Amino acid sequence: MTKRSDLLDDIARMPDFMVALRPHTVWEKTPVKLFCTVQGNPRPIVKWYKGGMPIDPPSTPGKYKIENKYGVHSLIISRYVAPSTPRDCSPTEFCFPFRSSVPHLTDIHPSKLEVSFLDRFPVSFGVEGSSVSLVCTMVVVPDLPNLPPHAQWYRDDKLLKPGKLVEMAVGGSAASLTLPHLAKDDEGLYTVRIFTKDGTTEHSAYLFVSDAPPSAAGAPGAPMSVKAYDINSDYVLVAWKPPNTVNEAPIAGYFVDRCEAGSDTWVQCNDAPVKVCKYPVHGLSVGRSYHFRVRAVNSAGISRPSRKSDKVTAIDAAENERLQGTDEGKHRKNTPLLENGRAVHGDRSGSRSIYKSFVVLSWKPPSPRGRAPLWYVIDKVSGTGAWQRINTAVKLHSPRYPVYDLQDGQKYQFRVYSVNMHGSSEASAPSEPIQKVDQDGVPSAPGQVVATRNTKTSVFVQWEAPKHLKHLMGYYIDGRVVGSKDWFACNHKPFKHTRFVVHGLIPGESYVFRVQAVNVFGLSEESQESTPISVDKCALTATPSSPFGITLLSCDGSSMTLAWKSPKHCGGSKVNAYYISKRDADTLVWNEVNLTGVKERICTVDNLTEGTFYEFRVQAANMAGVGPPSSPSAPMKCVAWTAEVPGPAYDLSFSEVRSHSLVILWKAPVYTGASAVTGYFVDMAKKDSSEFVTLNEEALKHRYLQVSGLEEGQFYVFRVRAVNAKGVGKASQLSEPVCARALPGTKEIVAGVDEETGDIYLSLEACEICETSKFEWSKNYKPIGDCPRLAVTTKGRTSRLIFTNPDKDDLGRYSVVVTDTDGVSSSHTLTEDGGSSDEAEIRTLIVFVFFILMFFLNLLCIIPLKHGLNYEVLEKGHVRFWAQAVKLSPAVSYRFIGHKFSHDVATGIVQMTVDQFTRANEGTYTVQIHDGKAKAQSSLVLVGDVFKAALKEAEFQRKEHIRKQGAHFSEYLYFTVTEDCTVLLTCKVANVKKETTLHWYKEDDEIVPETPPNFSRKDQGVFKAVLGDDRGKDTSTIDISGKASASDLVLQCTPEGIRLQCYMSYYTEEMKTVWKHKESKIASSEKMRIGGTAEMAWMQICDPSDKEKGHYTMEIFDGVTTHTRTFDLSGQGGQQVSSGWPYSFSLINRGRVVGGLPDVVTIMEEKSLSLTCTVWGEPTPEVTWFKNEQEVTCNEHTKVTFDGGKFASLVINKVTPDDSGKYSINVRNKYGGEFVEITVSVYKHGEQIPEPKLGHPKMATATPAATPATTPMPPKSPAPHSKTPTPTPSKPQTPAPSVKSPTPTPKSPTPTPKSPTPPRSVKSPTPPRFMKSPTPPRK
């Protein structure tokens, strides 16, 4: 028999409240619990709502907690905030499944899952119009196929929702976001947030979207972020963001297009481009929906259209308010308006937006407005003239209207009439006089740009905000490779912060960066370029760990001062900035406090609301980037401190930790209370103990204390309390536990006297050190400033504090700390208390110094040099600079201007090797050697012809080294004639292997050598041998045709005019050459000069005019055939138009330097240098001076002038060695320009100017009194130990007149090795160096 209880369980019952919710009254910021009990069969599912919206605890972690135990449902609200409605939460909906007694699993909360990321999406790059997917794979426990974790995607901290442009998916252990149609609007920082059992886990990476190929070459990129504002019945204001212009021409304006929703037909709204990034669109139809897009215009063309805006519907805002029953007409000043015989009112007209291109008028509708449809009529007046109606052909339904046809400089007034079917109102009161102006303009240029290493493909760029923001939208960052003139865009959407990570860089390249600010008026001027930074392949990739220990130091009711502790791991480089974020304790959104990094570990947060609880977190940054944020601080209430006692001290740190002692240091409190701080008490306790012991009976005047009597190996914690006249203040935050144990190998500071210099020093040898460690010396635990009597030197693990002129004032406690170690530090006390032995020690050291100094006075203070500065070209193209002293001590120091040297004490050689010797290495090289009190200096001028020769030899040696890595010719092709008149083509090969092949060619046709035929005229031609394998190829050619060859005529611009010239394999005056102009023979004259060189025939046209236009012909007779070359200077048709008369005209009129500048200038220090030249160009060119590729700016030291459009000058007052370098002048106008370089060398008084070596040009000397001294030839020295002497090339061999070959042809049947580039038969391009220096053995 069935039990009654079982029958009752099978009966379906509607859900019902057994215990309903009851009202609660709670304090704000306190938690509250709501309970209810329900019944029903099957068991009902309860949902909680707030204000009609479902409560979703994962969306607000920590805010809500829902529980269900034994039919009792509870909602726990943490830190309750008073809502805008009386009732906060109510369970108002029940789900009742009649056919199943089990609730739907989809309603189980996803926060029950544990989620961990496996693979995260990296920094991504896309192009407009393409698609991209961001995917994160993860491990879900438990893995329920029907219950994936809840994922949210954000772009720049804004939640994304699925749609046509954004596709989201979660499942299969992956969360993905797909953007099927990329636009620059999609660029930004993407974050995926997965809700887990313990809260959330998230990952972020940047997506870069570059411009698609432009519709026309040089056209700008598309605008972005098109949105519609101020929507009315027939008017809408469209706004957008301007694109970045890097190498394109500046943007001249924008076109705005509209399209009705559901249609593909776009209509252009403006006839002329609008110059600001706002445009009022009027003439819309009431009730219809529209999309908008924008196109940018410059001198090269029109850009691609932007992404279309969201759909907007034209509707009257006032009518919408009236239909919704809102209160209207309050607080409005009205003028009379007639409707149905009774007076209604309309508001006074006013100007809403004033720009250079247009003025937007706005006014308030009349109230009451009546029931009949309403429109407006507008009048304008200028000065004292008559009123004119400006919208006679348009019925204006919106209280907005743009006016375009206003004259510049004229002031206008406007008035408005309201009109309906019953008549017109009276005119409103006239507006204030207005005129078209640019209200703000573009922002000022951003400040200093600093680039630091981030990873092996990225750089961290920071800059200072502009002084004048002017409604800033963001920034564009541009970069370029050092040595290139082309800039590239680093971001394609304005970035709002003053720091940015540039990704996608090439490892090993060097880059510079610049920044532009953006607002509605366009882009600002470019900032100054950053200093070049190399993207190191081995760049540090570790960012600092998170800071910790956030402490409140002071609060005044509107601001709070915070301090925190340094990260435990710096990431391998110094922490150089901190970034603070804040949030209301009841929200989840973090807001940045400082856009510019804070250097110190203390910051004041302003603009806070009194009585509000705030949470803070801190991030540390170094060369590798910004590290993870710290844990949020405990909620801190913003309430003004009024206590009379001081606030807490902060930043407790330890130094000189030993087995039984240590030194504790701290910083003074920020909040001092009612009077100044007079001292401090220090408390100590063992770790995990609450029994603190005060270590000092009387308050300390200074902020450090040496603690002794500690137990070795025991951990201790400390706190500090400040004291003022009102009492003892609040204790500081507890220090980190410190163990009383010295580091293994710890050494103490020792005092001594340098035997060579006689200086007293304190020295510490660190027991551990790393690459980024620094020795920081202090006196009485205060940093040592720029004291002229103290100097710090560091070598390896040892650092010295040197007393160059010891005095009684130098007595005190000196300490040193080694950064980026586990606390390496030490101290040494020099005090006069009680006439201690330290004072006696100082006196003894001073006496000892006296005798050492007397000894040094008897020595010469000049280092004798065995050989001055020389150079030699090594194999592989390396260039070695070296000098040799008679003797060097281990303490020698040296400086090579612009470079670093190495040295060998045993041989006395100081040297430097340049691996990549290029054009940039031209200049004067100087080495300065210091050894104790003695010093020496030697210079080498490597400019002009001698530099070109050295560069040519270095490039040849580099190519030869590469060529000889594979199979190559040790002797190139040459021919010999045997006794039986057989012609032999011979070569020698080296470094061959089994797979190496040798092929013969004649006139590029491969031939197979057979029995040597009788040599005849048909065998003449160009023969080639190709040697090759998988390591590369080597080629040798020989020309035994005996024929001359000639190139086409080319045009060359000269100071006298233009020149037509033809390059030949050889040219002699015996050749019959005829020049013709329009089929008429030309005779050599002052106007038309005809001549030639050994390799070229030419004709000079002096001061060309329109008469010289036409067709030119050159005829050459070689004894058999007449050869013809032509050139068209008519400027009509043909491929030569671009290089014909218009081009020659531009060459003649281009900006150029006529004369006055030397190639090299030497000048004595403290003299004034004036570089003056005459420039010319039509129109007058612009002149820019550069030093080492950086533009020269005018200041007190350097002055740039340009007088009369002819004379350009650069004057440097009182030159110094730092003024040495490569100077250049750029003269340019619209037809082109010229770039001239000058090398400037500054030498000190008393030094001799070395005479240029063989091949040196004579140098211009800025001081006539200076007489250059002849540099004596140094004696020969033994060859270097590790280098085989370079064999001297053989003298050139003169080829037979009947044979023309680029490869030297010896007369002797025994060939010698030759090289085609450069010819090895010529003299080496390197001038004789007469000597080889001993190369020190490698260490």
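Values in this document were obtained by computation on a predicted structure and should not be read as measured data. Only this structure's heavy atoms are used, side chains among them; waters, hydrogens and symmetry mates stay out.
Judged purely by atom type and a 3.5 angstrom limit, Glu128 has no side-chain atom pairing as donor or acceptor with the backbone of Ala183. Asp185 contributes a side-chain N or O that, together with a main-chain N or O of Ser225, makes up a donor-acceptor pair within less than 3.5 Å. Glu187 places a side-chain N or O within donor-acceptor distance of the main-chain N or O of His492, the cut-off being under 3.5 Å. Glu610 places no side-chain N or O within 3.5 Å of a backbone atom of Cys638 that could act as its donor or acceptor partner. A donor-acceptor pair under 3.5 Å is absent between the side-chain atoms of Lys241 and the main chain of Met473, judged by distance alone.
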Please report the C-alpha distance between His497 and Glu592 in whole Å, then the side-chain angles of each, then the deciding distance to 0.1 Å, and finally whether the side chain to side chain donor-acceptor pair (under 3.5 Å) criterion is met. CA-CA 10 Å; His497 305 293; Glu592 289 186 338; 3.1 Å; yes
Should Lys227 and Asp310 be marked as a salt bridge (charged side-chain N to carboxylate O under 4.0 Å, His left out) after you check the CA-CA gap, both sets of side-chain angles, and the distance that decides it? CA-CA 7 Å; Lys227 295 182 180 179; Asp310 295 334; over 6 Å; no
Show the numbers, then the answer: is there a salt bridge (charged side-chain N to carboxylate O under 4.0 Å, His left out) between Arg307 and Asp186? CA-CA 10 Å; Arg307 173 182 283 178; Asp186 297 320; 2.7 Å; yes
After noting the C-alpha distance and the side-chain angles of Glu736 and Lys565, does the key distance pass the salt bridge (charged side-chain N to carboxylate O under 4.0 Å, His left out) rule? CA-CA 10 Å; Glu736 288 295 302; Lys565 297 181 180 180; 3.7 Å; yes
Starting from the C-alpha separation in whole Å, work towards a yes-or-no answer on side chain to side chain donor-acceptor pair (under 3.5 Å) for Ser289 and Thr313. CA-CA 4 Å; Ser289 298; Thr313 303; 2.8 Å; yes
Walk me through whether Ser630 and Ser546 qualify under side chain to side chain donor-acceptor pair (under 3.5 Å). CA-CA 5 Å; Ser630 65; Ser546 59; over 6 Å; no
Check against side chain to side chain donor-acceptor pair (under 3.5 Å), Thr178 and Ser133: CA-CA 4 Å; Thr178 302; Ser133 294; 3.1 Å; yes
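Cation-pi geometry between Arg617 and Trp590 is satisfied (NZ or CZ under 6.0 Å from the ring centre, within 45° of the ring normal). Figure legend: cation-pi geometry between Arg583 and Tyr614 absent, as NZ or CZ is not positioned both under 6.0 Å from the six-membered ring centre and within 45° of its axis. Seen from the ring of Tyr579, Arg499 counts as a face-on cation partner, given the 6.0 Å and 45° thresholds. Figure legend: cation-pi geometry between Lys568 and Phe548, with NZ or CZ positioned under 6.0 Å from the six-membered ring centre and within 45° of its axis.
Residue Asp606 places its CG atom among more than 12 non-hydrogen atoms of other residues, nucleotides or ligands, all under 6.0 Å distant.
Taking Ala151 as the reference, Val170, Ile194 meet the side chain to side chain contact (heavy atoms under 4.5 Å, CB included) condition, with sequence neighbours excluded.
Checked against the 6.0 Å centroid criterion, the rings of Phe125 and Tyr206 do not qualify as a close aromatic pair. The ring of Trp564 has its center closer than 6.0 angstrom to the ring center of Tyr578.
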